[in-house]
Student: 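Take this structure, written in structure tokens, and hold onto it; I'll ask about it next.
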Amino acid sequence: MSEEKRFYMTEEGKAKVEEELHNLKTVKRKEVVERIKIARDFGDLSENSEYDSAKEEQAFVETRIAQVEKMIRYAVIIESDNKNQGVVDLGKSVTFKELPDGEQETYTIVGSAEADPFAGKISNDSPMAKSLIGKEKGAEVMVASPGGEFKVKIIDVE
């Protein structure tokens, strides 16, 4: 039996996922069922594009419900530990700059379930996070990226 994937997330991230699940089950599911009912009234289902579209949406919603339920079931809450201050880890914010003359950037390392680079949250599975995790403030780190390797210096870890 293979081990299930763990979904690392903060308490806030888990609450968002639970909210999404609630919305999918109580709102989206009902909306799709209603669309299917209406589409059936249009007649012949073999040539009914509204019915086909509603059924596709229903499949998407049900698949997403299953995904979100699995994420919640295998959620691991990221706990902030103060014993490793200054060391990059899940749940911590890291400020770094690309060497030799890049601008400073700050990201919080979170699980893939709540990653949002535009909101300053990167996945622990990303090349950047994988390179930074376990490194200390002041360290210079090589980061592999699709565009090639580059070096960053860790300025701060919170």
Side-chain angles (χ1 to χ4, degrees), residues 1-33 52-158:
M1 185 171 148
S2 66
E3 189 170 313
E4 290 293 333
K5 178 180 176 175
R6 299 285 181 218
F7 295 91
Y8 295 94
M9 57 185 82
T10 61
E11 285 286 352
E12 175 188 346
K14 186 176 182 194
K16 278 184 165 180
V17 171
E18 288 171 338
E19 182 180 318
E20 178 186 359
L21 180 62
H22 178 75
N23 183 54
L24 285 167
K25 285 183 166 183
T26 60
V27 178
K28 263 324 229 181
R29 193 182 255 169
K30 287 178 183 176
E31 287 175 356
V32 172
V33 168
D52 291 340
S53 173
K55 289 300 279 184
E56 285 175 17
E57 185 177 0
Q58 182 182 40
F60 173 80
V61 169
E62 294 303 323
T63 300
R64 183 64 185 157
I65 287 171
Q67 289 171 337
V68 173
E69 285 177 336
K70 184 176 181 180
M71 288 167 58
I72 292 169
R73 185 177 317 118
Y74 294 104
V76 175
I77 302 301
I78 300 167
E79 307 247 348
S80 178
D81 63 352
N82 292 326
K83 63 183 175 190
N84 287 331
Q85 289 185 348
V87 177
V88 179
D89 203 357
L90 270 164
K92 293 188 177 180
S93 292
V94 59
T95 301
F96 59 89
K97 74 174 193 170
E98 189 173 343
L99 297 176
D101 55 2
E103 292 182 22
Q104 284 192 14
E105 298 179 48
T106 301
Y107 291 99
T108 302
I109 299 177
V110 297
S112 59
E114 62 181 304
D116 182 358
F118 297 110
K121 296 178 179 183
I122 60 172
S123 167
N124 62 312
D125 292 328
S126 71
M128 176 62 76
K130 284 181 177 180
S131 299
L132 295 173
I133 290 176
K135 305 299 188 295
E136 295 181 357
K137 178 179 175 178
E140 293 184 4
V141 181
M142 289 302 292
V143 177
S145 75
E149 285 192 336
F150 59 96
K151 187 185 269 189
V152 298
K153 181 173 183 171
I154 300 173
I155 306 299
D156 195 20
V157 180
E158 297 175 2

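The basis for the numbers below is simple: all heavy atoms, side chains too, and nothing from hydrogens, waters or symmetry mates. Worth saying up front: this structure is predicted, and the values here are computed from it rather than measured.
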Student: So which heavy atom on Thr10 is nearest to which on Ile77, and how close?
Tutor: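 The answer is O-CD1, 4.2 Å.
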Student: Could you work out, with side chain to side chain contact (heavy atoms under 4.5 Å, CB included) as the rule, every residue matching Lys153, not counting sequence neighbours?
Tutor: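 Partners of Lys153 by the side chain to side chain contact (heavy atoms under 4.5 Å, CB included) criterion, ordered by chain and then number, come out as Leu99, Glu140, Ile155.
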Student: Please list, chain by chain and in numerical order, all residues satisfying side chain to side chain contact (heavy atoms under 4.5 Å, CB included) with Phe150, sequence neighbours excluded.
Tutor: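 Here the qualifying residues are Glu98, Met128, Val143, Ser145, Val152.
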Student: Quick one: CD1 on Ile65 to NE2 on His22, what's the gap to the nearest 0.5 Å?
Tutor: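 The distance works out to 12.0 Å.
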Student: How about Ile109 and Asp89: do any of their side-chain heavy atoms sit closer than 4.5 Å?
Tutor: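 Ile109 vs Asp89: side chains apart.
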Student: Please identify each residue that fulfils salt bridge (charged side-chain N to carboxylate O under 4.0 Å, His left out) with Asp52, with sequence neighbours left out.
Tutor: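 Partners of Asp52 by the salt bridge (charged side-chain N to carboxylate O under 4.0 Å, His left out) criterion come out as none, since no residue qualifies.
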Student: Considering residues at least two apart in sequence or located in another chain, which fulfil the side chain to side chain contact (heavy atoms under 4.5 Å, CB included) criterion with Tyr8?
Tutor: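 Arg6, Val76, Ile78, Leu90, Asn124.
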Student: Would you call Lys92 and Val88 a side-chain contact if the rule is heavy atoms closer than 4.5 Å?
Tutor: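 Lys92 does not reach Val88 side chain to side chain.
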Student: With heavy-atom distances below 4.5 Å as the criterion, would you say the side chains of Val87 and Val157 are in contact?
Tutor: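 No. Closest side-chain heavy atoms not under 4.5 Å.
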Student: Going by side-chain hydrogen bond (donor to acceptor under 3.5 Å, both in side chains), name the residues that satisfy it together with Ser126, two or more places apart in sequence or in a different chain.
Tutor: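 Once residues adjacent in sequence are excluded, Ser126 has no partner under the side-chain hydrogen bond (donor to acceptor under 3.5 Å, both in side chains) criterion.
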Student: Val110 vs Met9, test: side-chain contact (heavy atoms from CB on, under 4.5 Å). Steps then yes/no.
Tutor: CA-CA 6 Å; Val110 297; Met9 57 185 82; over 6 Å; no
Student: Run the side-chain hydrogen bond (donor to acceptor under 3.5 Å, both in side chains) test against Thr95 and tell me which residues pass, sequence neighbours left out.
Tutor: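 For Thr95, the residues satisfying side-chain hydrogen bond (donor to acceptor under 3.5 Å, both in side chains) (neighbours in sequence not counted) are Thr106.
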Student: Kindly state each residue pair satisfying salt bridge (charged side-chain N to carboxylate O under 4.0 Å, His left out) with at least one member in residues 108-136, sequence neighbours excluded.
Tutor: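 Checked against salt bridge (charged side-chain N to carboxylate O under 4.0 Å, His left out) - neighbours excluded - the pairs reaching residues 108-136 are Lys5-Asp125, Glu12-Lys121.
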Student: Would you confirm whether Lys28, through its side chain, and Asn23, through its main-chain N or O, come within 3.5 Å as a donor-acceptor pair?
Tutor: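 The answer is no, because no donor-acceptor pair under 3.5 Å joins these two groups.
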Student: Report the residues that fulfil side chain to side chain contact (heavy atoms under 4.5 Å, CB included) with Glu103, sequence neighbours left out, ordered by chain and then residue number.
Tutor: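 Checked Glu103 against side chain to side chain contact (heavy atoms under 4.5 Å, CB included); zero matches.
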Student: Tell me the side chain to side chain donor-acceptor pair (under 3.5 Å) pairs involving residues 58-75, sequence neighbours left out?
Tutor: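 Every pair satisfying side chain to side chain donor-acceptor pair (under 3.5 Å) with a residue in residues 58-75: Glu4-Lys70, Glu20-Arg64, Lys25-Glu69, Arg29-Glu62, Lys55-Gln58, Arg64-Gln67.
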